[in-house]
Amino acid sequence: MEYFLQQVINGLQIGFVYALIALGYTMVYGIVRLINFAHGDVFMIGAFIGLYAVERYQWPLTAVFVSAVVGCTILAVLIEQLAYRPLRHAPKIASLITAIGVSLFLEYFTSLRQVFGPHFYSFPRPFPVVRWNWHGILVTNIQAVIFFVTVFCLLLLQFIVFRTKMGRAMRAVSFDYVTAGLMGVNVNVVISFTFGLGAALAGVGGVLYGIAYPQVNTFMGFMPGLKAFTAAVLGGIGNIPGAVLGALIMGQSETMVSAYVSSAYRDGIAFVILILVLLWKPTGILGTPRTEKV
Amino acid sequence: MMLLSVEHINVFYDNIRALHDVSFTVGKGEIVSLIGANGAGKSTILKAVSGILKPRSGRILLAGKDLGGVPQHRIARMGVSLVPEGRGIFANMTVRDNLEMGAFTRNSREEIEKSVAEVFALFPQLRERASQSAGTLSGGEQQMLAIGRAMVAKPAVVLLDEPSMGLSPLLVRDLFFLIREINQAGTTILLVEQNAFMALSVAHRAYVLETGAIVLSGNASDLRSDPKVRAAYLGDVAG
């Protein structure tokens, strides 16, 4: 039983990080119907900004998060304006291929020696690790940080989306951007904002990932990105609570599989679940079928 | 000076000409109606005025200001409110949030509340359903919400695209009564309708469109007794 609960906690740890990435996928998809494959790499950049902030500048933890958030937001807004905006009215496949191109560009460009470099770099712990033993279950302060930071981000996101004018505009644009424009909403601004917001969360996720799994590399965004994307589809792409739910399921399943079956199947289980869900409910767990607008 | 004047516009969908040298005006405080058969170009005109489509030639002036090159969201900010065909309700949002979207360009919380209260006074059903998802409203209620949403923008001119579509005859009558009421309270209205009889009974002036061009115009009451209009649009077989 202790072993099982221990695995639940470990699953939550990775699930929360996936959730922070999955939200960016789902929000961007909700607004522009684009799977932004470069999103996992924005997460990687967040981890590297965190690495420099901790190692080179020894900033306090809050400043580490803020720098990753600011850096990722600027990056994502630039990517949207330079790479995706010119293709907004092009066929979907053009944007999709561009997204893959941006992803590869970020991975290989940053692995140049002049940028981040091609190696694995260890991410120093920004605070001493404390372990609590609660009836045989180990909980670390890293897990506590991941939990509280993620919950804080989710509440903040909830507030932005449902309580602010910009959030209302986001929901309107995601439903029908032409009509949103008729209300005087500058759709371009809303799209930039959404990319920035998703990237900010990915930046936080990158720092948390670096703290929890203290090794970073410019290709580290690929797998978590793919799993977060799977989580978003699993929960119902375009649906914000769905992305969080999907990410938590993803975190639990991969932890349970490596604990009880074999860690060799860790990455495989995500896709088995995805296939099953798509067969059973193609719109995802919380997704609602919607007719494509013409 | 006319509030809205459309001068010799030509609008194309790719290479198909949808509007052919269309000119018309709407004066402040008027209800002007555009009538014509399906595909005559009525909705295209509204799309051009609200900036969804840009005319290839000709000008659209709002209170003397050329709207050429002005992006869609700015045209909305300048006071043009389109109630699109099919209503364009944000079905994923509450009734209240839909109204808030209508007031997107306004900033004074106090004045927005006042406008929302006015809409609720006009449509008490909307007040009852304020926190309900707009997708759950009936067709008639959605049309009221769409009009209410346009009203909270405090627009200079409201463009109504086929407001009677999909409504029962009884609701259509209420709707046109309401359009007149809104107009009497000071809002200028450009109304596009297939229901020519209703449109001509509520409008001051009207233009008749045929395959993308204006073929007839005049006072609504004159057009109503025009034998050609009666035969073509009012179902007067004897005419």
Side-chain angles (χ1 to χ4, degrees), chain A residues 26-27 29-33 81 85 88-91 158-194 235-243 283-284 286-294, chain B residues 43 46-47 49-53 70-109 112 131 133-135 142 145-146 148-161:
Chain A
T26 224
M27 287 193 294
Y29 183 85
I31 297 266
V32 286
R33 304 280 176 274
Q81 298 196 349
R85 187 170 297 180
R88 187 146 331 136
H89 302 287
Q158 184 78 7
F159 177 81
I160 292 173
V161 172
F162 287 98
R163 292 275 178 275
T164 66
K165 205 167 167 176
M166 186 51 100
R168 204 180 289 125
M170 281 171 67
R171 285 182 287 142
V173 169
S174 86
F175 190 77
D176 178 353
Y177 71 94
V178 175
T179 306
L182 292 175
M183 308 289 118
V185 174
N186 186 339
V187 174
N188 281 334
V189 168
V190 173
I191 291 173
S192 289
F193 181 84
T194 307
I237 190 127
N239 183 303
I240 289 178
T283 50
L286 298 182
T288 43
R290 58 181 296 161
T291 44
E292 280 293 318
K293 287 181 290 284
V294 277
Chain B
S43 295
L46 296 193
K47 282 182 183 155
V49 172
S50 57
I52 298 175
L53 292 171
V70 180
Q72 189 199 351
H73 68 275
R74 291 226 173 274
I75 293 178
R77 282 167 191 269
M78 288 165 74
V80 176
S81 240
L82 170 65
V83 179
E85 190 177 351
R87 300 155 197 143
I89 287 301
F90 299 115
N92 59 333
M93 293 162 69
T94 64
V95 168
R96 173 79 211 199
D97 274 347
N98 269 271
L99 293 175
E100 291 282 346
M101 281 311 296
F104 191 78
T105 57
R106 302 174 64 195
N107 289 314
S108 159
R109 196 67 249 169
I112 293 173
S131 53
S133 159
Q142 286 192 8
L145 178 57
R149 189 179 60 181
M151 299 305 300
V152 287
K154 283 255 178 237
V157 56
V158 175
L159 317 178
L160 294 173
D161 196 352

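Taking chain A as the reference chain and counting heavy-atom pairs below 4.5 Å, the highest number among B/D97, B/T105, B/I75 is found for B/D97.
Residues B/A76 and A/G181 approach most closely at CB-O, 3.9 Å, considering heavy atoms. Nearest approach of A/V185 to B/H73, heavy atoms of both residues: O-CB, 3.2 Å.
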Please tabulate, one pair per line, all N/O donor-acceptor pairs under 3.5 Å involving side-chain atoms of residues 84-91 of chain B, not counting sequence neighbours.
{"residue": "B/E85", "atom": "OE1", "partner": "B/S43", "partner atom": "OG", "Å": "3.2"}
{"residue": "B/R87", "atom": "NE", "partner": "B/Q143", "partner atom": "OE1", "Å": "3.1"}
{"residue": "B/R87", "atom": "NH2", "partner": "B/M165", "partner atom": "O", "Å": "2.8"}

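Annotation for B/R77: atom CZ counts as buried by contact number, over 12 foreign heavy atoms lying within 6.0 Å. Within a 6.0 Å sphere centred on CZ of A/R163, heavy atoms belonging to other residues, nucleotides or ligands number 12 at most.
Without hydrogens or angle criteria, B/Q72 side chain to A/V187 main chain gives no donor-acceptor distance under 3.5 Å.
To the nearest 0.5 Å, the span separating CZ on B/F104 from CG on A/N186 amounts to 8.5 Å. To the nearest 0.5 Å, the span separating CD on B/E100 from CZ on A/R168 amounts to 4.0 Å. Annotation: the span from A/R171 atom CZ to B/T94 atom OG1 amounts to 7.0 Å, rounded to 0.5 Å. To the nearest 0.5 Å, the span separating CG on A/N239 from CG on B/N92 amounts to 11.0 Å.
In this structure, chain A has heavy atoms under 4.5 Å from both the backbone and the side chain of B/L82.
Within the structure, salt bridge (charged side-chain N to carboxylate O under 4.0 Å, His left out) pairs that include any residue of residues 148-160 of chain B comprise B/E118-B/K154 (at least two apart or interchain).
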